[in-house]
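Below: the structure, in structure tokens.
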Amino acid sequence: MTHEIDNPYPPRKWLQNNIKSLYIITLVIVLPLWVLASFYVFTNQAQRNLHQIIHNDVLLFADSLESELEKYRSIPKMLMMDVALTNSVSSPNLFNSNHIHNYLQHIRATTNSDEVFLLDIQGHTLASTNIDNEGINYAHTPFFQDASDGNSGGFFTMGVNAGIRGYYFSESLINSSSGTVIGVIVIKVNMARLERDWLNKLTPMMIADENQIVIASSTASWLFTSRQRLTNDQKRRIKLTRKYPTTSFPILPIEVIRNIEGAEIVKLPKLGYERVLETSHFLPDLGWTLYAHGDLKQLDLPIRRNTGLSALLVMLTLSLAYLATQRRLQFNETLVRREINQTRLQQAKNLLETRVEERTQELQASNLELKQTQQELIHSAKLATLGQLATSVTHEINQPLTAILTSADNAEQWLGRGQVEKAQDKLAQIKTLAQKMGLITSHLKTFGRKTDDKNDWICPQIALDNAFALLHTRINQEQVETVVEDLSSFQVLANDVRLEQVFINLISNALDAMQLSQYKRLTVYCETDAKAVDIHFSDTGSGIDNDHLLQLFDPFFSTKDVGVGLGLGLTISYSIIKTMGGHLSGRNSATGAVFSIRLRAASKSDRIL
Ligand code: ADP
């Protein structure tokens, strides 16, 4: 047979049972997604930051390059009206080569340029700071053609002789009287001077010309490579202008991986760059494009670190949320259980209280029953005492009855003889004897009546007199000397009939105990203090066996023969005295036994006058 366990608590909710699995599932699903998302976000952010940095660098470089070029561009503009130069070109006969040469050297030195030279209208070099270049014809060059047309010229080329990259700035020299172009002044600046140290910065850069040929680069091997294959037209123009000594350039292999906002991610396989962020800036005046590069590989570590940290953070957050939810659920469950327990406790308490009340009522009922039984027992015991007294009472009544009969006979005879006076005497004797009999029966009547257990302040002397009156015959017959202290000055809390019953019992026991004594004396004396009166009954009887002292008041304890003693007298007396708020005790004395009744003594206010 199986017993179902009584579980008073409500079934746990779904969340309570599955919180751990939920946490693990969330972790397994959310964490990889989070890692992917954060990797994506961090990569984008890092690329954007890198783009911003290299873009700023390229803009700064462009600014610096343009301002540098602008500075040199203004120099031939200032010189185009120079009289010494125009005179030198317009009057070649007066031309003093030494003088003009020194003058050009002076310009070169003060402008910090690399070469300054003077061309006639056919493009021949009339004078140059570099004497080796005198006589060279530049008629084919764009910078000459632009200037001879009256425009400002600017041209990048790689020197045919020296193989140095240079930028040529040119302006026409104008005859002030005719206003016609008579020659060209040219300033050449070494490209390396323009680049300064920009190309050695952390951000790798390159400059590509209008043909996408790399003319400057922070990576030396990229120089004079081509970012794209040259068209025939481009090649023809390069050839025509002798811009570069060759028209074939190695291709710089660039693979565009993908475009991002304002930049491209490219692969430069030859150089071992797998992923490079490339941003560009076009310089419209020059037709050049500046390219800056950022190595994306260097971003890998911070991206991974940030992704890892964010994953850790999410894991922590999820774990904290899990723990907090679990604690919250546990707390709620504890609260619910506590409430249920409290309700159960309250119910148990109520049940207990009801049971206690029921038991109390039952006890009160049985107490009442017990009390009634006790009352009846006391009454029965009293009737038994009356039975025991019957013989001596009969004897007591017989005596005056016989005397009455005799006196009645005598009175009759005296009346027959006419002696009325003597007959009257006899009648008076009869009256006294009848009164005596009445007294005896009235004692019996008082003692025998059914009484309640109500206590009053009474004088114990009355009960004591009644008790002695009822036992008078036996005391006389057994020749017992009685010494009784006067108790009439005391008032005690007692029920008079019950007290008399106890007195009769104690006197009877004393008489029983003295039956075999040679010298029989019963002494009643009392002791008193402010609160109580002790009434002692001391006899000269057998005394009490030491072994019996503790059993004296036990029901049915008797040392008397069967049929003589019931063993209830002291038990009942004890309980009677107790209902009066007093105490009954027994002990041995030097002569026999002493039984003492302690009763509450009346204070002045209690006394009934
Ligand atoms: P019973 O008189 O029927 O035996 P009691 O309860 O009155 O019952 O007395 C119980 C016993 O106490 C007596 O049998 C007796 O042994 C002892 N006892 C009582 N009073 C005295 C006394 N005055 N002297 C000696 N023994 C006594």
Side-chain angles (χ1 to χ4, degrees), residues 65 68-149 151-174 181-196 207 209 213 215-216 223-224 238-246 286:
L65 189 66
E68 202 69 12
L69 287 170
E70 197 53 45
K71 191 176 86 187
Y72 286 107
R73 188 172 283 129
S74 60
I75 297 165
K77 275 193 200 313
M78 287 190 301
L79 296 173
M80 63 190 290
M81 301 295 277
D82 190 295
V83 180
L85 294 177
T86 49
N87 283 348
S88 302
V89 181
S90 60
S91 314
N93 303 333
L94 299 170
F95 182 72
N96 183 332
S97 69
N98 249 351
H99 174 75
I100 196 69
H101 190 261
N102 286 342
Y103 188 52
L104 293 180
Q105 279 294 4
H106 170 72
I107 295 167
R108 189 195 66 77
T110 43
T111 57
N112 204 19
S113 53
D114 290 287
E115 189 182 349
V116 181
F117 54 97
L118 199 61
L119 302 177
D120 63 14
I121 197 67
Q122 281 81 37
H124 283 107
T125 311
L126 291 177
S128 169
T129 51
N130 187 349
I131 296 172
D132 295 342
N133 289 343
E134 284 180 4
I136 293 177
N137 190 293
Y138 287 98
H140 60 277
T141 61
F143 67 81
F144 173 77
Q145 287 164 7
D146 286 343
S148 58
D149 288 346
N151 299 321
S152 297
F155 186 62
F156 171 81
T157 184
M158 178 125 149
V160 181
N161 300 329
I164 295 168
R165 293 171 301 137
Y167 197 91
Y168 293 82
F169 300 94
S170 61
E171 284 295 341
S172 50
L173 291 170
I174 316 256
V181 178
I182 51 170
V184 172
I185 177 77
V186 185
I187 302 253
K188 180 193 168 191
V189 184
N190 195 334
M191 192 63 195
R193 196 184 299 279
L194 297 174
E195 292 163 4
R196 289 206 175 167
I207 304 172
D209 71 359
I213 293 164
I215 56 169
L223 205 59
F224 290 109
I238 290 169
K239 216 170 184 175
L240 201 71
T241 56
R242 295 185 208 161
K243 188 176 174 76
Y244 305 118
T246 175
L286 297 163

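None of these values were measured; they are calculated from a predicted model. Residue numbers run from 1 in the order of the sequence given.
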Residues 133-149 vs salt bridge (charged side-chain N to carboxylate O under 4.0 Å, His left out), sequence neighbours excluded, gives none
When rounded to the nearest 0.5 angstrom, what distance separates NE2 in H124 from CG in N137?
4.5 Å
Give the minimum heavy-atom separation between A84 and I100, together with the two atoms involved.
O-CD1, 4.2 Å
Walk me through it: do T246 and I238 pass the test side-chain contact (heavy atoms from CB on, under 4.5 Å)?
CA-CA 8 Å; T246 175; I238 290 169; over 6 Å; no
Considering residues at least two apart in sequence or located in another chain, which fulfil the salt bridge (Lys or Arg N to Asp or Glu O under 4.0 Å) criterion with D114?
R193
Closest approach of K243 to F156 (non-hydrogen atoms, all atoms of both residues)
NZ-O, 3.0 Å
Partner residues of Y138 under the ring-ring contact (aromatic ring centres under 6.0 Å, His included) criterion, sequence neighbours left out:
F117, F143
Specify the closest pair of heavy atoms between T125 and I136, including all atoms of both residues, with the distance to one decimal.
OG1-O, 2.6 Å
Distance from T241 atom OG1 to H140 atom NE2, nearest 0.5 Å?
7.5 Å
Residues that K77 engages under side chain to side chain contact (heavy atoms under 4.5 Å, CB included), provided they are two or more places apart:
S152, E171
Shortest non-hydrogen pair, G183 vs V89, comes out as CA-CG1, 3.8 Å
Search all heavy atoms of Q122 against all heavy atoms of F144 and return the closest pair with its distance.
C-CZ, 3.8 Å
For a 4.5 angstrom cut-off between non-hydrogen side-chain atoms, does T141 reach V186?
no
With a 4.5 Å cut-off on side-chain heavy atoms, are I215 and L223 touching?
no
What is the distance from atom CE of M81 to atom CD1 of I185, rounded to the nearest 0.5 Å?
14.5 Å
Contacts of F224 that satisfy ring-ring contact (aromatic ring centres under 6.0 Å, His included) - sequence neighbours left out:
Y244
Once rounded to the nearest 0.5 Å, what's the spacing between atom CD1 of I182 and atom OG of S148?
13.0 Å
Flag the pair I187 / R73 as yes when at least one side-chain heavy-atom distance between them is below 4.5 Å, and no otherwise.
no
Residue pair V116 / S113, side-chain heavy-atom distance below 4.5 Å:
yes
S172: what forms a side chain to side chain contact (heavy atoms under 4.5 Å, CB included) with it, not counting sequence neighbours?
M80, I174, V181
Does either side chain, that of N190 or that of Y167, offer a donor lying less than 3.5 Å from an acceptor on the other one?
no
Any non-hydrogen side-chain atom of L79 less than 4.5 Å from a side-chain atom of I107?
yes
Determine, step by step, whether L85 and L118 satisfy the side-chain contact (heavy atoms from CB on, under 4.5 Å) criterion, reporting the C-alpha distance in whole Å, the side-chain angles of both residues, the deciding distance to 0.1 Å, and the verdict.
CA-CA 8 Å; L85 294 177; L118 199 61; 4.0 Å; yes
Separation between CG of L126 and CG of D120, rounded to the nearest 0.5 Å
4.5 Å
I207 versus L65, closest heavy-atom pair with distance
CD1-CD2, 4.1 Å
Would you kindly say whether E115 and N133 are connected by a side-chain donor-acceptor distance under 3.5 Å?
yes
Interatomic distance, S128 atom OG to K188 atom NZ [nearest 0.5 angstrom]:
9.5 Å
